[in-house]
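Below: the structure, in structure tokens.
Just so you know, these numbers use all the heavy atoms, side chains as well, and skip hydrogens, waters and symmetry mates.
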Amino acid sequence: MRPTVAAALGVEVSVLQSGMGGVAGTELACAVSEAGAAGCVGGYKLLDDALSTVLARVTAGTDRPVGVNLIPEVVGPDDLDRQVAQVLAETPPRVYLSFFGLPDDAVLDRVVAAGRRLVVQIGTVEDGVHAARWGAVVVAQGIEAGGHLLGTSHRDELVAALRALLPGTCLVAAGGVGSPAEAARALAAGADGVLLGTAFVVAHESRAHGHFKTAVTAAGAADTVITDVYEIGWPGRRHRVLATPVTERPGQAGKFIGRTVVEGKPYLVPRFSAAVPTDATSGRIEEMAMYCGNSCGALSEERSAADVVAGFASVLPDAQAIEHVKGMNSHGR
Ligand SMILES: Cc1cc2nc3c(=O)[nH]c(=O)nc-3n(C[C@H](O)[C@H](O)[C@H](O)COP(=O)(O)O)c2cc1C
């Protein structure tokens, strides 16, 4: 029998929180892991001291399994090697590695040889089959997803196609899951659990800018668009975002529209930047890249990360986890 997500990652609830660069800081990752699911901090472009600070914070913030998300195509092979080396050297074995897109085989070998749990998000059947060879938890991302899109398939079509080819692989569905009913649909297609991005953008512990959170809770799927205009810092990918004056009029001048701070360093934000607006961003937030999945239609208010996890626990396969999570919430954890 294949492992449940909970068994594969050593957690109690088969929910993965997406490691979202800028948005998923250590507070969110630790809160999700403390609630019994798989929290994950966004590693994005962090390196050296900035990455060390985040790794120290996330391991100090929870004793439970928790992940670090890395994006091979954003940093390139050399910096990815440095990031992976740092995570392996500076964190305990309960920290899993999560990749957005398939990294090189040498990277997969290194993570597996180090005995770390491995999560790989893919958007095609071919990449999913490849990742499964390394024993990865395979996250199948459909085009309903918020953020950068790895493929062109609908979530449940991709899940079903992978399940047919990979009966023994732990498979997770991503894209458009904002409610337990939608999670149940993904499970019916063959998934063992779900990965949530947008649902955690609006968690109290997320670092998304307040305007971004409010816009997500007010939006429906029809308010999102797939576009490639937010390309500065992450070129060559389409992404699903909330429609903005920039997606509606992409011909505007590419001038600076705001400022932000990342791990203590100040940056100017140009129009068309791929960086999401965080609680450290100021300026024209309403023009920035507000990644958002079709899941937004089911999200009407900001909640704690623990409440988000508990809401999904009831439909997931780890029945014994449900009472446990409810118990943790009633004790105010
Ligand atoms: C604001 C935001 C930022 C994201 N950043 C990342 C990231 O840094 N790394 C990653 O693996 N996925 C990232 N994603 C994509 C998610 O992993 C996932 O595919 C998506 O959120 C699933 O769809 P949903 O948003 O409807 O739940 C991001 C998604 C959002 C909404």
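Formation of a donor-acceptor pair under 3.5 Å by the Arg240 side chain with backbone atoms of Ile143 is found in this model. The backbone N or O of Leu171 lies less than 3.5 Å from no partner atom in the side chain of Thr169, so there is not a single donor-acceptor pair. With hydrogens and angles disregarded, a donor-acceptor distance shorter than 3.5 Å links the side chain of Arg163 to the backbone of Gly190. Here the side chain of Gln141 pairs no donor or acceptor atom with the backbone of Ile122 at under 3.5 angstrom. Looking at Thr59, its side chain never comes within 3.5 Å of a backbone N or O of Thr91 through a donor-acceptor pair. With hydrogens and angles ignored, the 3.5 Å screen pairs a side-chain donor or acceptor of Ser33 with a backbone N or O of Gly39. A distance-only check finds a donor-acceptor pair linking the side chain of Asp223 to the backbone of Gly220 [under 3.5 Å]. Of the possible polar contacts, one joining the Glu205 side chain to the Ala305 backbone as a donor-acceptor pair under 3.5 Å is found. A distance-only check finds a donor-acceptor pair linking the side chain of Gln86 to the backbone of Asp48 [under 3.5 Å]. In this structure, Gln17 contributes its side chain and Leu196 its backbone to no donor-acceptor pair below 3.5 Å.
The pair Lys45-Glu263 does not count as a salt bridge, with every side-chain nitrogen at least 4.0 angstrom from each carboxylate oxygen. The pair Arg237-Glu73 meets the salt-bridge criterion, with a side-chain N (NZ, NE, NH1 or NH2) lying under 4.0 Å from an Asp/Glu carboxylate O. In summary, Arg64 and Glu12 engage in a salt bridge, as defined by a charged side-chain N under 4.0 Å from a carboxylate O. A salt bridge does not link Arg185 to Asp156: none of the charged side-chain nitrogens sits closer than 4.0 Å to a carboxylate oxygen. Salt-bridge check for Lys213 with Asp279: failed, with every basic side-chain N at 4.0 Å or more from each acidic carboxylate O.
Two residues are said to be in side-chain contact when any heavy atoms from C-beta on lie closer than 4.5 Å; Arg117 and Val95 fail this criterion. Taking the side chain as every heavy atom from C-beta outward, Ser206 and Phe212 never approach each other to under 4.5 Å. Here the side chains of Ile226 and His239 are not in contact, with every heavy-atom distance at 4.5 Å or above. The side-chain heavy atoms of Leu118 and Val137, taken from C-beta on, include no pair separated by under 4.5 Å. Contact of the Phe99 side chain with the Ile71 side chain is not registered, since no non-hydrogen atoms from C-beta on lie closer than 4.5 Å.
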* **Criterion side-chain contact (heavy atoms from CB on, under 4.5 Å) on Val41 and Val66, from CA distance to verdict** => CA-CA 8 Å; Val41 70; Val66 66; over 6 Å; no

* To do: Begin with the C-alpha distance, continue with both residues' side-chain angles, and end with the deciding distance and a verdict on side-chain hydrogen bond (donor to acceptor under 3.5 Å, both in side chains) for Glu90 and Ser52.
  => CA-CA 7 Å; Glu90 297 175 23; Ser52 293; 2.9 Å; yes

* Asked: Under the side-chain contact (heavy atoms from CB on, under 4.5 Å) criterion, do Leu80 and Val84 qualify, and how do the steps go?
  -> CA-CA 6 Å; Leu80 184 68; Val84 170; 4.3 Å; yes

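Checking each of Tyr44, Tyr230, Trp234 against His148 for a ring-ring contact (aromatic ring centres under 6.0 Å, His included) leaves exactly one that passes, namely Trp234.
The shortest non-hydrogen separation linking Asn69 to Gly19 is OD1-O, 3.0 Å. When every heavy atom of Leu195 is checked against every heavy atom of Ser18, the shortest pair comes out as CD2-CB, 3.7 Å. In this structure, Val177 and Ala199 approach most closely via the heavy-atom pair O-CB, 4.5 Å.
When only modelled atom types and interatomic distance are considered, Thr62 and Arg94 share no side-chain donor-acceptor pair under 3.5 Å. Under 3.5 Å, the side chains of Thr278 and Arg207 contain no donor-acceptor pair of N or O atoms. Counting only N and O atoms by type, the side chains of His154 and Glu144 include a donor and acceptor under 3.5 Å apart. With hydrogens and angles left out, the side-chain atoms of Trp134 and Asp109 include a donor and acceptor closer than 3.5 Å. In this structure, a donor-acceptor pair under 3.5 Å is absent between the side chains of Glu286 and Thr244. Between His204 and Asp307, the side chains place no donor N or O within less than 3.5 Å of an acceptor N or O (distance only, hydrogens not considered).
When the side chains of ILVMFWY residues are joined at heavy-atom separations under 4.5 Å, either directly or via intervening members, Val23 and Val241 end up in a single hydrophobic cluster. Met288 and Leu242 fall into different hydrophobic clusters, where Ile, Leu, Val, Met, Phe, Trp and Tyr are joined by side-chain heavy atoms under 4.5 Å apart, directly or via other members.
In this structure, Cys170 SG and Leu9 CG are separated by 6.5 Å, a value rounded to the nearest 0.5 Å.
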